[in-house]
A.B. asks: 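This is the structure I want to talk about, given as structure tokens.
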2 protein chains.
Amino acid sequence: MNKRQIQKQFTRDKILDSAKQIFIEKGIINSATLQIAEKAGIAHGTLFLHFPNKDALVIGLLDIELLKFSDEIKQLIIETDEIDKLLNQYLNLIKKEEGFFSSLAREMPSYKSELRRKILFRESLIREHFHQVIEKGIRKGIYASVDIPSVLTFLFGTINYYLSLKSSFVHSGSVIEKFHDQTIEIFMKILKK
Amino acid sequence: MNKRQIQKQFTRDKILDSAKQIFIEKGIINSATLQIAEKAGIAHGTLFLHFPNKDALVIGLLDIELLKFSDEIKQLIIETDEIDKLLNQYLNLIKKEEGFFSSLAREMPSYKSELRRKILFRESLIREHFHQVIEKGIRKGIYASVDIPSVLTFLFGTINYYLSLKSSFVHSGSVIEKFHDQTIEIFMKILKK
DNA sequence: AATTTCAGTGAGTGTGTACTCAGTAAAAGG
DNA sequence: CCTTTTACTGAGTACACACTCACTGAAATT
């Protein structure tokens, strides 16, 4: 990479960093591209050299962040094969980026269907891991033979709900932490024989 | 009421009807007040004679609709005191106005906190009824002595999740219907001794 | 019948914001 | 050293949309 390419990449990263900060603070939908540019310390027009339009920026941002998250999850799967430990670790990971996931849960229903599909696809990969761990548990006779997709929708739906209404559930601090124990407890009861 | 008052009320109703239709179709946040006025068959300015601003219209609309729903729920409570039947009836009521509740679930996280508090307050009244029925069941020894608020958050969270992502879960038709049986089944398992 | 009241009208205004494009300066290439 | 390429700039444009207000005409009041 020559000097120009390095500079270009650097600017792109600044835009994405700024977009992420603003995404966490108040979401992307109601934030102006001008504000993102200002926070990144670049001209408004520059943003559109790197992303053809606002949607592309959102997709770019979410793609990167969710990929990072996916990788961390994968690591986690390798390390744990008990569902309560996995769920505990999963919640801890979300908690680490709770602002991000809260904004995501809040705004997702308003995204264009293509982007929503992308996000749900990434979620489905995570579900797949949970699915396998539960399946193994059922085969071993540890868990009741539940309909796995159903119980996972129940689980992920609830977590999504906590995140999307975070500001109504907690004034400051973590929703995930608040509901951490009871979520695991109830989910384990669902799996209980 | 004289002729003028009747006419005024009629116009107000037309606005609310139109707003409800548009709310169901695509939500209120991304709909223009001009469009609502056109659908109601009135001038754009007229809308602002009846509601000082767009927010007031949204509050007016949701207040009326949620009050109607509350009343139907109350009726239901009187008639049934088994939790699975109550839940079944509750889901049926939501299904009857699924478009409305889907839009509500989708947009609620984006509303100003005051309006969100209002909506959550109405929901809390409904939860209160569920709470009582479960409590009675626990006292009778039918259900396990679970932490009722936790399991209710789990339940309402999941239902909210289905509704908010309705268009991702079903192409056409009812999400509530799709998840009806499994929701009841899992919830009853949570309550099982 | 004359006057007052008021619901309704719709062109107009102000604001916010996504996106453009002619111009600039520094890096790359010869 | 000169020419070309290109990342970047930021004032400008187009558009959408919430909300206003001078005006109209019919109903209510006198």
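A, B, ... follow the sequence lines: proteins, then strands. Residue 1 opens every chain.
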A.B. asks: For the pair Glu114(A) and Arg117(A), find out whether any cationic side-chain nitrogen is under 4.0 Å from an anionic carboxylate oxygen.
C.D. replies: no

A.B. asks: CG/Leu163(A) to CD1/Ile94(A) distance, rounded to the nearest 0.5 angstrom?
C.D. replies: 6.0 Å

A.B. asks: Can you confirm whether Glu38(B) sits close enough to Ser18(B) that some side-chain heavy atom of one is under 4.5 Å from a side-chain heavy atom of the other?
C.D. replies: no

A.B. asks: Take the C1' atoms of the five end pairs on each side of the helix from dA1(C)-dT30(D) to dG30(C)-dC1(D), get both axes, and report the angle to 10 degrees.
C.D. replies: 0°

A.B. asks: Look up atom CD in Gln7(B) and atom CG in Asn2(B), then write down how far apart they are to the nearest 0.5 Å.
C.D. replies: 11.0 Å

A.B. asks: So, do Leu115(A) and Met108(A) sit near enough that their side-chain heavy atoms are less than 4.5 Å apart?
C.D. replies: no

A.B. asks: Counting only heavy atoms and a strict 4.0 angstrom limit, can you tell me which residues of residues 19-48 of chain A come near DNA chain C?
C.D. replies: Ser31(A), Ala32(A), Thr33(A), His44(A), Gly45(A), Phe48(A)

A.B. asks: Could you list the residues that satisfy salt bridge (charged side-chain N to carboxylate O under 4.0 Å, His left out) with Lys192(A), not counting sequence neighbours?
C.D. replies: none

A.B. asks: Between Tyr90(A) and Phe130(A), does the ring centre distance come in under 6.0 Å?
C.D. replies: yes

A.B. asks: With a 4.0 angstrom cut-off to heavy atoms of chain A, pull out the first and last contacting nucleotide of DNA chain C, in 5'-to-3' order.
C.D. replies: dT17(C) to dA28(C)

A.B. asks: Tell me which residues in residues 1-12 of chain B put a heavy atom below 4.0 Å from DNA chain C, sorted by number, or none.
C.D. replies: Arg4(B), Gln7(B), Lys8(B), Thr11(B)

A.B. asks: Rounding to a whole Å, what distance do you find between Asn53(B):CG and dC19(D):P?
C.D. replies: 5 Å

A.B. asks: Can we say Glu97(B) and Lys20(B) salt-bridge, meaning some charged N sits less than 4.0 Å from an Asp/Glu carboxylate O?
C.D. replies: yes

A.B. asks: Are Phe187(A) and Phe154(B) close enough that their ring centers fall under 6.0 Å?
C.D. replies: no

A.B. asks: Taking all heavy atoms of Val133(B) and all of Asp81(B), pick out the closest pair and write down the distance.
C.D. replies: CG1-O, 3.5 Å

A.B. asks: For Phe48(B), what residues pass the ring pair (Phe, Tyr, Trp, His ring centres under 6.0 Å) criterion, not counting sequence neighbours?
C.D. replies: His44(B)

A.B. asks: Which of parallel (below 30°), tilted (30 to 60°) and perpendicular (above 60°) describes Tyr162(B) and Phe179(B)?
C.D. replies: parallel

